[in-house]
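Data block below; observations after.
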Amino acid sequence: MLKQILAKLPRKSSKSNPTYSDGGNATARDSATNNGSFTNTCNVISSRLNVVKKMSSSIFPTSGGEMIQPHVPFKDVQNSDKPRLLISKLNLCSTVYDFDDQDKDNVEKDLKRQVLVEILDFVASESTKLPEPAMSAICKMCGENLFREFPPKSSARSPRGETEDEDPWFDPAWSHLQLVYEILLRFVSLNSLDPKIAKQYIDHPFLSRLLNLFDSEDPRERECLKSVLHRIYGKFMVHRPFIRTAVSNVIYRFVFETERHNGIAELLEIFGSVISGFALPLKKEHKTFLSRALIPLHKPKSVGMYHHQLTYCIVQFIEKEPKLTSVVINGLLKYWPVTSSQKQLMFLSELEELLELIRSDEFEKIMVPLFQRISCCLDSYHFQVAERAHFLWNNEHIHHLIMCNRQVIMPIVFSSLQRNSKNHWNRTVFNLTQNVMKMFHEVDEPLVVSCQGKFEEESSATAVVAERRRLTWESLEKAAGGGFQPPVGNVSVLERPTTAAAACVVSC
């Protein structure tokens with residue numbers, strides 16, 4: 001019976017299993033007894049078990065066939081086992097804890113933070129190329145921690161205006177989120193990272209959810225997002241069109257729907273450097289972004305929160321292609337504020353920067369509607385607006401453009417300057433008006449005299465019209481007063497309208 005069992009055991013040739021082959025030959029030479037055959041078979045089985053044990057050691061990182069525990073330090077494992085240990089630590093850090101309750105899971109939170117620090121040090125120090133499973137695990141861990149729903153905004157809080165300073169909200173989980181952002185930034189900044197492979201994990205859904213995080217009320221998170229997105233845009237060229245389109249959609253939704261977003265300034269700051277890298281001539285896509293996204297950003301009430309970054313982006317466009325200046329200024333005049341003096345001050349400052357870059361031919365296209373708006377600002381009751389408008393003449397380039405086109409500009413602004421020079425209540429504005437009038441006198445005194453004559457004629461005509469209107473109203477008041485008869489006795493007015501109504505119809 002034992003021989004039959006042993007006969008059924010599989011045998012290998014000497015080439016595939018030299019140990020088994022050598023043992024078989026020795027047994028054939030020495031003896032053919034049952035005891036010898038049994039001993040030889042046991043040796044073969046033992047050798048095969050050793051082979052299986054070696055194979056399991058190559059699959060599992062630690063001895064005994066067990067997975068590497070995430071608490072094991074990187075220095076305690078071989079270099080070949082570090083990627084698997086990294087994945088184990090990343091899986092541990094994929095667990096998200098509730099930080100609204102500060103007394104809950106404190107031990108687990110501290111352990112996770114320690115592991116995040118180890119991962120950050122490993123990613124920052126390792127120069128070896130990460131395998132695909134490690135890339136996937138990093139993106140998964142970052143997504144599990146970062147991609148979340150923000151707490152609802154209070155309905156009692158109105159949208160932030162250009163001067164409203166709100167206390168920033170700080171995420172209680174920032175002790176973990178900061179480390180996750182640093183890991184993601186280090187990961188996308190690795191020189192050994194192959195974008196062709198990593199784009200499978202940093203894909204369009206990943207980028208869309210990353211862009212949604214810019215609405216965070218925590219300024220620290222928006223700053224980290226700015227660094228991460230900037231690095232992704234620079235490294236993953238294949239994703240650049242998608243990022244531009246996604247950012248445009250964020251701006252469209254902000255301008256035309258919600259008028260509330262916390263990260264517009266950071267997005268514009270990123271695009272300031274992106275626009276400076278555009279190749280010439282500018283593509284139609286980039287010009288569309290200027291006209292449909294950047295220029296309408298002047299409309300929201302909260303423009304003061306991102307006006308500096310917006311002006312920088314627009315200036316970058318004009319430096320690339322100066323003929324776009326007239327397009328930008330016309331758009332600026334379209335959204336010019338009428339009732340907000342603070343927005344007017346911002347627009348005048350931006351306008352000065354644009355006029356410093358404008359060419360003469362482009363200036364001639366927009367000077368009439370432009371100085372019609374500036375004329376309204378010159379005699380504004382808000383003295384800061386009037387003062388800022390007068391400062392345009394202090395700019396050498398703008399002063400040169402005005403004087404070269406004074407035949408058109410002087411008649412537009414003269415009435416405002418003349419009114420200021422007579423009865424403006426603010427002394428500073430009065431002095432600035434005198435200086436501007438002196439400039440025009442020195443350059444073209446006959447033009448000033450001509451404008452003065454036209455102004456006096458218009459003032460006389462206006463006075464005549466005003467007097468005629470006053471007399472007309474007086475006659476109407478007398479006619480209305482003489483034809484009115486109060487009700488007699490207990491008879492109401494509603495019961496005696498017949499004759500009066502008929503008379504009214506005849507007179508009309």
Side-chain angles (χ1 to χ4, degrees), residues 150 152-155 157-166 207-217 219 222 225-226 229-230 233 240-275 278 282-318 324-351 353-354 366 369 373:
F150 294 119
K153 300 178 178 65
S154 174
S155 58
R157 294 171 62 187
S158 60
R160 291 186 294 178
E162 58 268 16
T163 60
E164 183 181 357
D165 295 328
E166 293 182 351
L207 292 173
S208 296
R209 301 187 70 181
L210 192 70
L211 285 171
N212 291 337
L213 296 176
F214 274 92
D215 199 19
S216 172
E217 295 188 17
R222 298 198 302 269
L225 282 165
K226 182 180 68 175
L229 184 62
H230 189 275
Y233 188 91
R240 290 182 180 181
F242 175 81
I243 294 175
R244 292 195 297 266
T245 302
V247 172
S248 299
N249 292 334
V250 171
I251 294 176
Y252 297 153
R253 193 177 303 110
F254 167 71
V255 173
F256 301 108
E257 295 181 13
T258 64
E259 286 200 7
R260 174 118 197 186
H261 195 283
N262 295 303
I264 298 298
E266 286 78 11
L267 290 173
L268 291 176
E269 191 168 345
I270 295 172
F271 264 73
S273 58
V274 170
I275 294 169
F278 285 165
L282 292 176
K283 297 180 180 179
K284 183 179 179 181
E285 171 201 349
H286 304 328
K287 296 180 181 179
T288 302
F289 178 75
L290 170 65
S291 59
R292 296 185 181 179
L294 293 185
I295 293 178
L297 276 174
H298 293 87
K299 176 185 176 183
K301 296 179 181 179
S302 57
V303 63
M305 304 300 296
Y306 55 83
H307 185 258
H308 176 73
Q309 292 85 354
L310 176 60
T311 302
Y312 180 78
C313 289
I314 290 178
V315 168
Q316 293 297 310
F317 264 107
I318 293 177
L324 293 174
T325 312
S326 58
V327 177
V328 173
I329 293 180
N330 282 326
L332 199 65
L333 296 176
K334 177 182 177 181
Y335 296 105
W336 193 274
V338 178
T339 59
S340 175
S341 58
Q342 294 174 348
K343 288 184 69 174
Q344 288 178 357
L345 291 173
M346 288 187 289
F347 277 45
L348 286 170
S349 298
E350 181 179 355
L351 189 63
E353 291 191 43
L354 298 177
I366 50 90
R373 180 61 64 183

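Note that these values count all heavy atoms, side chains included, but never hydrogens, waters or copies made by symmetry.
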(request) Apply side-chain contact (heavy atoms from CB on, under 4.5 Å) to the pair Tyr306 and Leu267, showing each step before the final yes or no. (result) CA-CA 10 Å; Tyr306 55 83; Leu267 290 173; over 6 Å; no
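- Side chains of Phe254 and Leu297 form a contact here, defined as non-hydrogen atoms less than 4.5 Å apart.
- Between the side chain of Arg222 and the backbone N or O of Ser216, at least one donor-acceptor pair lies under 3.5 Å.
- Between the side chain of Asp215 and the backbone N or O of Asn262 there is at least one donor-acceptor pair closer than 3.5 Å.
- Distance check, rounded to the nearest 0.5 Å: CD1 of Ile318 to CD of Glu353 gives 9.5 Å.
- Closest of all the heavy-atom pairs between Ala246 and Leu211 is CB-CD1, 3.2 Å.
- To the nearest 0.5 angstrom, Ser291 atom OG is 12.5 Å from Asn330 atom CG.
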(request) For the pair Ser340 and Phe347, evaluate side-chain contact (heavy atoms from CB on, under 4.5 Å) and give the outcome as yes or no after the intermediate values. (result) CA-CA 11 Å; Ser340 175; Phe347 277 45; over 6 Å; no
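- Distance NE2/His261 to OG/Ser302: 11.0 Å, rounded to 0.5 Å.
- Residues Ile295 and Tyr335 meet the side-chain proximity criterion, which asks for heavy atoms closer than 4.5 Å.
- Side-chain atoms of Gln316 and Tyr312, non-hydrogen and from C-beta on, do get closer than 4.5 Å to each other.
- Closest non-hydrogen pair, Met305 versus Gln309, comes out as O-OE1, 4.3 Å.
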(message) Apply side-chain contact (heavy atoms from CB on, under 4.5 Å) to residues Leu290 and Val327 and explain how you reach the verdict.
(response) CA-CA 10 Å; Leu290 170 65; Val327 177; 5.5 Å; no
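- Note that the NE2 atom of His307 and the CD atom of Glu350 stand 4.0 Å from one another [nearest 0.5 Å].
- No side-chain heavy atom of Thr325 sits less than 4.5 Å from a side-chain heavy atom of Phe317.
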(request) Would you please test Phe271 and Leu310 for side-chain contact (heavy atoms from CB on, under 4.5 Å) and show each step? (result) CA-CA 9 Å; Phe271 264 73; Leu310 176 60; over 6 Å; no
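- Considering all non-hydrogen atoms of both residues, Phe150 and Asn212 come closest at CE1-O, 3.8 Å.
- Note: Lys299 NZ to Lys334 NZ = 9.0 Å, rounded to the nearest 0.5 Å.
- For the pair Leu332 and Leu354, the minimum side-chain heavy-atom distance is below 4.5 Å.
- Exactly one residue among Thr311, Val255, Ile314 makes a side-chain contact (heavy atoms from CB on, under 4.5 Å) with His298. That residue is Ile314.
- With a 4.5 Å cut-off on side-chain heavy atoms, Leu294 and Ile275 count as touching.
- Considering only heavy atoms from C-beta on, Phe214 stays 4.5 Å or farther from Val250 through its side chain.
- Every pair passing side-chain hydrogen bond (donor to acceptor under 3.5 Å, both in side chains) that includes a residue from residues 240-249 is listed here, sequence neighbours excluded: Tyr233-Arg244, Arg244-Glu285.
- Here the side chains of Pro296 and Tyr252 are not in contact, with every heavy-atom distance at 4.5 Å or above.
- The NE2 atom of His230 lies 13.5 Å from the CD atom of Glu266; values are rounded to the nearest 0.5 Å.
- The main-chain N or O of Pro337 is found under 3.5 Å from a side-chain atom of Gln344 such that the two form a donor-acceptor pair.
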